[in-house]
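Start at 1 with the first residue, then count along the sequence.
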Amino acid sequence: MKLIKLDRRMKGYGDFKYVAKFRRRSEYQKFKEVRKWCWEQWGISSELELWDEDDNPAWCWGIEDYELRIYIASDKEAAWYGLKWI
């Protein structure tokens, strides 16, 4: 899993500042653990494709072709995430 700062080329830019990427097959279980932890820390959210401003502003997740992703909104949440997972 890698935590990357988003830029204009990436999905989620503007609403989220960071993304944690998980390789689909090899890190599926880790993704599920992290997503559960995010629910416990910041509350329930939704997939990026369904997310809007009325949803949880701290985080959401996405499923791409070969990656699972957790989107994180700010430096504060990224620091909290980093303390636990990095």
Side-chain angles (χ1 to χ4, degrees):
M1 112 181 88
K2 293 189 259 183
L3 187 64
I4 302 168
K5 190 168 185 176
L6 293 173
D7 64 34
R8 292 178 190 260
R9 301 169 298 154
M10 300 171 165
K11 287 183 181 181
Y13 179 81
D15 295 313
F16 299 96
K17 196 167 184 179
Y18 296 93
V19 63
K21 293 183 176 184
F22 302 80
R23 293 194 180 271
R24 190 162 206 169
R25 297 193 190 271
S26 62
E27 295 182 317
Y28 182 66
Q29 283 303 118
K30 179 61 89 177
F31 170 80
K32 286 175 35 177
E33 288 175 38
V34 172
R35 187 175 62 175
K36 182 177 184 247
W37 179 84
C38 290
W39 274 329
E40 292 168 355
Q41 302 308 308
W42 302 311
I44 196 163
S45 194
S46 64
E47 294 89 345
L48 180 63
E49 290 76 19
L50 303 175
W51 186 90
D52 63 27
E53 285 86 30
D54 295 332
D55 289 329
N56 190 321
W59 78 287
C60 75
W61 75 90
I63 300 173
E64 300 295 324
D65 292 332
Y66 297 102
E67 288 182 327
L68 303 164
R69 299 177 179 188
I70 303 281
Y71 293 88
I72 300 172
S74 73
D75 293 328
K76 177 184 168 187
E77 285 92 8
W80 197 349
Y81 173 90
L83 287 172
K84 174 71 176 177
W85 300 105
I86 296 176

Using modelled atom types only, decide if a donor and an acceptor are shared between the side chain of N56 and the backbone of I44 within a distance under 3.5 Å.
-> yes
Mind running side-chain contact (heavy atoms from CB on, under 4.5 Å) on K21 and E27 for me, showing each step along the way?
-> CA-CA 9 Å; K21 293 183 176 184; E27 295 182 317; over 6 Å; no
L68 and I4: same hydrophobic cluster, using ILVMFWY side-chain contacts below 4.5 Å?
-> no
Rounded to the nearest 0.5 Å, what's the gap from CZ on F22 to CD1 on I70? Could you check?
-> 5.5 Å
Centroid-centroid under 6.0 Å between W37 and W42 rings | yes
Could you check if a side-chain atom of E33 sits within less than 4.5 angstrom of a side-chain atom of W85, using non-hydrogen atoms only?
-> yes
Atom CH2 in W59, atom CZ in F16: separation rounded to 0.5 Å?
-> 9.5 Å
Are side-chain heavy atoms of Y71 and L6 found at a separation under 4.5 Å?
-> yes
What distance separates R69 CZ from K2 NZ, expressed to the nearest 0.5 Å?
-> 10.5 Å
Test side-chain contact (heavy atoms from CB on, under 4.5 Å) applied to Y81 and Q41, step by step | CA-CA 10 Å; Y81 173 90; Q41 302 308 308; over 6 Å; no
Between K17 and D75, is any pair of side-chain heavy atoms under 4.5 Å apart?
-> yes
Check: D52 main-chain N/O paired with D55 side-chain donor or acceptor under 3.5 Å | yes
Nearest heavy-atom pair of K5 and M10: which atoms, and what distance?
-> O-SD, 4.2 Å
Correct closest heavy-atom pair for P57 and W51 would be CA-CZ2, 4.2 Å
Smallest separation among heavy atoms of S46 and C60, with atom names = O-CB, 3.0 Å
Same hydrophobic cluster for W39 and V19, using side-chain heavy-atom links shorter than 4.5 Å among ILVMFWY?
-> no
Main-chain N/O of I63 paired with E47 side-chain donor or acceptor, under 3.5 Å | no
If Ile, Leu, Val, Met, Phe, Trp and Tyr residues are connected whenever their side-chain heavy atoms lie under 4.5 Å apart, and connections chain through other members, are M1 and L48 in the same group?
-> no
